[in-house]
Amino acid sequence: MIEFKNVTKVYNNNVRALTSVDVEIQSGEFIFLVGPSGAGKSTLIKMLLKEIEPTSGKILMNGTNLSNIKRSQVPYYRRKIGMVFQDFRLIPTLNVYENVAFAMRVVEASQKEIRRRVPMVLSLVGLSNKYKMFPNELSGGEQQRVSIARAIVNNPQVLIADEPTGNLDPETAKEIMELIDDINRAGTTVVMATHAKDIVDSMKKRVIAIEKGAVARDEKRGKYEDEN
């Protein structure tokens with residue numbers, strides 16, 4: 001489904017972020033991207049979102065070379081991807097329902113479809129009774145649930161999560177990971193960048209470790225750190 005073929009990225013300041021990365025991610029997989037800050041995880045994510053281009057090599061999504069997607073087509077490509085951030089990025093002047101509905105309005109969904117999908121997704125993330133509340137009235141965990149609802153409301157093929165538990169206490173982080181795991185079990189491919197060692201070690205998913213811009217490890221049921 002997603003293929004990085006000999007991908008290298010060198011930024012304009014001559015900083016080499018990635019070197020000859022080869023990775024295949026199959027539809028429905030759950031991938032943890034781990035590694036120290038500055039290793040290249042964010043560059044991988046930005047290239048998947050088509051925010052930046054590789055210096056060389058190819059990135060394929062369902063067989064399509066992302067470099068061949070025209071600028072005007074990028075918003076349509078991004079509809080296939082849901083994104084969850086560490087800092088939630090909710091719109092403070094919109095309530096829970098409106099924040100999730102906003103993602104559907106961006107893709108010009110009908111009012112009928114919005115009225116059908118938003119309550120369904122809020123129920124999935126356990127926030128049906130808080131749909132009128134505003135972000136500042138919610139806990140961090142609840143805000144992240146809204147963020148996840150917004151990310152999946154348009155039925156993306158891929159959910160990308162960038163440190164989604166970074167601002168949460170351990171118990172809330174566990175609940176959020178159970179929710180993301182449920183979304184994955186329903187068929188959505190998940191790619192998650194994280195420094196959360198306990199989460200990675202307990203979930204026993206595929207782990208791709210990035211170090212100094214290269215793939216250092218790729219293990220089917222991996223740990224955060226190499227045990228060898």
Side-chain angles (χ1 to χ4, degrees), residues 1-11 16-35 39-85 103-104 106-109 113 117 121 147-164 180-194 200 203-211 213-222:
M1 180 190 195
I2 301 168
E3 295 178 83
F4 285 78
K5 292 190 170 185
N6 200 28
V7 171
T8 293
K9 177 62 181 179
V10 182
Y11 288 104
R16 181 176 287 266
L18 294 174
T19 302
S20 303
V21 169
D22 286 299
V23 168
E24 284 190 26
I25 300 172
Q26 300 301 320
S27 178
E29 277 199 279
F30 191 127
I31 309 288
F32 282 120
L33 286 178
V34 305
K41 303 187 300 298
S42 293
T43 296
L44 273 175
I45 287 172
K46 287 177 179 177
M47 287 197 290
L48 261 184
L49 290 170
K50 206 168 160 61
E51 291 181 0
I52 58 175
E53 296 291 327
T55 305
S56 61
K58 293 192 295 187
I59 303 169
L60 307 178
M61 173 78 84
N62 295 328
T64 299
N65 187 339
L66 298 194
S67 294
N68 294 339
I69 297 176
K70 297 177 182 176
R71 186 182 294 268
S72 61
Q73 295 299 311
V74 170
Y76 298 96
Y77 161 72
R78 287 182 181 155
R79 292 180 186 184
K80 301 175 183 176
I81 300 173
M83 188 75 206
V84 178
F85 302 94
M104 297 191 72
V106 167
V107 302
E108 300 175 345
E113 188 66 5
R117 282 284 300 169
V121 173
S147 175
I148 291 168
R150 182 184 58 189
I152 65 172
V153 73
N154 289 318
N155 277 322
Q157 297 176 15
V158 181
L159 179 66
I160 298 175
D162 191 3
E163 299 286 354
I180 293 175
D181 196 25
D182 287 344
I183 292 166
N184 171 248
R185 290 174 190 275
T188 304
T189 305
V190 173
V191 179
M192 176 175 159
T194 186
V200 175
M203 291 187 68
K204 297 180 174 60
K205 304 289 189 181
R206 181 178 170 192
V207 173
I208 298 174
I210 309 292
E211 293 179 14
V215 176
R217 266 185 308 124
D218 186 346
E219 298 171 344
K220 192 168 184 178
R221 289 169 63 84

Could you report the tightest heavy-atom contact between Leu48 and Tyr77, atom names first, then the distance?
O-OH, 2.5 Å
Heavy-atom neighbours of Arg79 CZ exceed 12 at 6.0 Å
yes
From CG (Asp182) to CD1 (Ile148), nearest 0.5 Å
10.5 Å
For Ile25 and Met1: C-alpha separation, side-chain torsions, deciding distance, then whether side chain to side chain contact (heavy atoms under 4.5 Å, CB included) applies.
CA-CA 6 Å; Ile25 300 172; Met1 180 190 195; 5.9 Å; no
Considering residues, nucleotides and ligands other than Tyr76, do more than 12 of their heavy atoms fall under 6.0 Å from its OH?
no
Check this for me: Lys80, atom NZ, are more than 12 non-hydrogen atoms of other residues, nucleotides or ligands nearer than 6.0 Å?
yes
From Met203 CE over to Asp181 CG, what is the distance, rounded to the nearest 0.5 angstrom?
4.0 Å
Give me the atom names and distance for the closest heavy-atom approach of Asn154 to Ala103.
ND2-O, 3.0 Å
Ignoring hydrogens, what is the shortest heavy-atom contact between Arg71 and Pro75? Give both atom names and the distance.
O-CD, 3.7 Å
Tell me whether Asp162 contacts the main-chain N or O of Met192 through its side chain, where contact means a donor paired with an acceptor under 3.5 Å.
no
Contact between Val207 and Arg217 at the side-chain level, heavy atoms closer than 4.5 Å - yes or no?
yes
Of all heavy-atom pairs linking Pro156 and Ala151, the shortest is CG-O, 3.4 Å
Could you walk me through whether Ser67 and Glu53 satisfy the side chain to side chain contact (heavy atoms under 4.5 Å, CB included) test, starting with their C-alpha distance in whole Å, then the side-chain angles of each, then the deciding distance to 0.1 Å, before giving a yes or no?
CA-CA 7 Å; Ser67 294; Glu53 296 291 327; 3.2 Å; yes
Report yes if some heavy atom in the side chain of Asp218 is under 4.5 Å from a heavy atom in the side chain of Arg206; otherwise report no.
yes
Quick one: OG1 on Thr19 to CG on Asn6, what's the gap to the nearest 0.5 Å?
10.0 Å
Report the distance from atom CG of Leu60 to atom CZ of Phe4, rounding to the nearest 0.5 Å.
10.0 Å
Side-chain touch Asp22/Val215, heavy atoms, less than 4.5 angstrom:
no
Looking only at heavy atoms, which two atoms of Arg117 and Ile152 are closest? And how far apart?
NH2-O, 3.3 Å
Given the ring of Tyr11, does Lys9 sit roughly above its face, with NZ or CZ under 6.0 Å from the centre of the six-membered ring and within 45° of the axis?
yes
Heavy-atom nearest pair, Pro164 first then Val84, reads CB-CG1, 4.0 Å
Starting at OG of Ser42, measure out to CD1 of Ile210 and round the result to the nearest 0.5 Å.
11.0 Å
Rounded to the nearest 0.5 Å, what separation is found between the CD1 atom of Ile208 and the CG atom of Leu33?
6.0 Å
Given side chains that start at C-beta, do those of Val190 and Lys205 come closer than 4.5 Å, heavy atoms only?
no
Any side-chain heavy-atom pair from Ile45 and Lys41 closer than 4.5 angstrom?
no
Using side-chain heavy atoms (C-beta onward) and a distance below 4.5 Å, is Ser27 in contact with Gln157?
no
Residue pair Glu29 / Lys220, side-chain heavy-atom distance below 4.5 Å
no
Any side-chain heavy-atom pair from Ile59 and Lys50 closer than 4.5 angstrom?
no
